[in-house]
Asker: 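I am attaching a structure below and will ask some questions about it afterwards.
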There are 2 protein chains.
Amino acid sequence: MESQDLRKAGLKVTLPRLKVLEILENSEQRHLSAEDVYKAMLEMGEEIGLATVYRVLTQFEGAGLVSRLNIDGGHAVFELEDGTHHDHLLCVRCNNIEEFVDEVIEKRQRAIAKDKGFEMTDHSLYIYGICQKCQK
Amino acid sequence: MESQDLRKAGLKVTLPRLKVLEILENSEQRHLSAEDVYKAMLEMGEEIGLATVYRVLTQFEGAGLVSRLNIDGGHAVFELEDGTHHDHLLCVRCNNIEEFVDEVIEKRQRAIAKDKGFEMTDHSLYIYGICQKCQK
DNA sequence: ATATAAATGAAAACTTTTCTCATTTGCATC
DNA sequence: GATGCAAATGAGAAAAGTTTTCATTTATAT
Ligand SMILES: [Mn+2]
Ligand SMILES: [Mn+2]
Ligand SMILES: [Zn+2]
Ligand SMILES: [Zn+2]
């Protein structure tokens, strides 16, 4: 019962919101575009507007329930927030996304920001490549 | 005389191409959007279409004369290619862009890709923050 | 000077995302 | 359970950045 998550986030419990959450939770892929979520909705036989999907995902982001990745070439994907930061490897062939955490890189980033006099607010790191499966 | 650069890249020497190169070379800012280049053109009193600016920049990218950064929020900036890879720090207040190179991070990225079985083709790393000037 | 393949400009199209606004819904109150 | 109202929704328009189309112009080889 994830209605609690919504209430805790100060959001009314509505069908579209529950369904979006459900899709994010039950999807094969952890990383979904708004379009992906929308299509999954339709396949489930749920009526929903694409604008609502975007709105809900953006609200979830604001509420800390999901995080948004801005992939190269301007379209975003969303994933359930799990509280721990991580970065991503993207396969340029099959669009498979893998995750990693690297404390050495995190530390270096902070050092670089400091060195340049920047107050770091965020960072984004994507490694592009061909995944094992696609190499054959 | 940068006509040679164009010929070497297999591109005809045309006025729009020469002018775009000239703007990239002489601009205060090293990182320019297509729109920036376009406006600079008009200010120079040059007739040019925005589509041509995009086309030329994309061709230059293909020819290795410029590189394209895909900044958060889906609009690109371009810079003259100088042969050496570097990453970027972006000020979220004034949009100032600084550059850095960090061999430790580069090495870790290669190690991560290898570890995940990825054949790395590229990476993109942006550190977002508030630059020194904007902190005060 | 001529031919021709490539480049250009203007406008339309496209992609992703946000906004507008009329209608519907969730939820607190009676 | 009915009522009221603010919040949420859906449809479509709009926005922003970029690419495509196509008729016209231009660069370059002959
Ligand atoms: Mn992830
Ligand atoms: Mn740069
Ligand atoms: Zn793959
Ligand atoms: Zn700044």
Asker: For nucleotides 1-7 of chain D, which of its nitrogen or oxygen atoms have a protein nitrogen or oxygen under 3.5 Å away, and what is each distance?
Answerer:
| from | atom 1 | to | atom 2 | distance (Å) |
| --- | --- | --- | --- | --- |
| D:dA7 | O4' | A:K12 | NZ | 3.3 |

Asker: Apply side chain to side chain contact (heavy atoms under 4.5 Å, CB included) to B:T14 and list each qualifying residue two or more places apart in sequence or on a separate chain.
Answerer: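 If we apply the side chain to side chain contact (heavy atoms under 4.5 Å, CB included) test to B:T14, skipping adjacent residues, the hits are B:K12, B:P16, B:R17.
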Asker: Without hydrogens or angle criteria, can the side chains of A:R55 and A:T52 be said to hold a donor-acceptor pair below 3.5 Å?
Answerer: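 Checked: A:R55/A:T52 side chains pair up, N/O donor to acceptor below 3.5 Å.
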Asker: For residues 92-100 of chain B, tabulate all N or O donor-acceptor pairs below 3.5 Å that involve a side-chain atom, not counting sequence neighbours.
Answerer:
| from | atom 1 | to | atom 2 | distance (Å) |
| --- | --- | --- | --- | --- |
| B:R93 | NH1 | B:C134 | O | 3.2 |
| B:E99 | OE2 | B:R30 | NE | 2.8 |
| B:E99 | OE2 | B:H31 | NE2 | 2.9 |
| B:E99 | OE2 | B:H86 | NE2 | 3.0 |

Asker: Using a strict cut-off of less than 4.0 Å between a Lys/Arg side-chain nitrogen and an Asp/Glu carboxylate oxygen, indicate whether A:E103 and A:R110 qualify as a salt bridge.
Answerer: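 Answer for the salt bridge query: yes.
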Asker: Decide whether B:I130 and B:I71 are clustered together by the hydrophobic rule: side chain heavy atoms of Ile, Leu, Val, Met, Phe, Trp, Tyr closer than 4.5 Å, transitively.
Answerer: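 Per the 4.5 Å side-chain linkage, B:I130 and B:I71 are co-clustered.
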Asker: Taking five pairs at each end of the helix from C:dA1-D:dT30 to C:dC30-D:dG1, what angle separates the two helix axes (nearest 10°)?
Answerer: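 If I round to tens, the end axes sit 20° apart.
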Asker: Does B:S67 use its side chain to pair, donor to acceptor, with the backbone of B:E81 at less than 3.5 Å?
Answerer: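 Looks like no, no N/O pair under 3.5 Å.
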Asker: Side chains of B:I48 and B:K19: closer than 4.5 Å at any heavy-atom pair?
Answerer: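 B:I48 does not reach B:K19 side chain to side chain.
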Asker: When rounded to the nearest 0.5 angstrom, what is the spacing between CG in A:L80 and CG in A:D5?
Answerer: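 Rounded to the nearest 0.5 Å, the CG-CG separation comes to 9.5 Å.
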Asker: Going from OH on B:Y38 to CG on B:L32, what distance comes out if it is rounded to the nearest 0.5 angstrom?
Answerer: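 Rounded to the nearest 0.5 Å, the OH-CG separation comes out at 16.0 Å.
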Asker: Checking B:H75 against B:E35: is there a side-chain donor and acceptor pair closer than 3.5 Å?
Answerer: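 No, B:H75 and B:E35 have no side-chain donor paired with an acceptor closer than 3.5 Å.
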Asker: To the nearest 0.5 angstrom, please state how far the CG atom of A:L57 sits from the CD1 atom of A:I23.
Answerer: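 It comes to 9.5 Å.
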Asker: Across nucleotides 10-21 of chain D, 5' to 3', mark each nucleotide with B, S or - according to how protein heavy atoms within less than 4.0 Å reach it.
Answerer: BBB----SBBBB
Asker: If you walk 5' to 3' along DNA chain C, what is the first nucleotide with an atom under 4.0 Å of a heavy atom in chain B, and what is the last?
Answerer: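 That gives a stretch of C:dA5 to C:dA11.
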Asker: Can you tell me how far apart CD (B:Q109) and CG (B:D122) are? Round to the nearest 0.5 Å.
Answerer: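 The distance works out to 9.5 Å.
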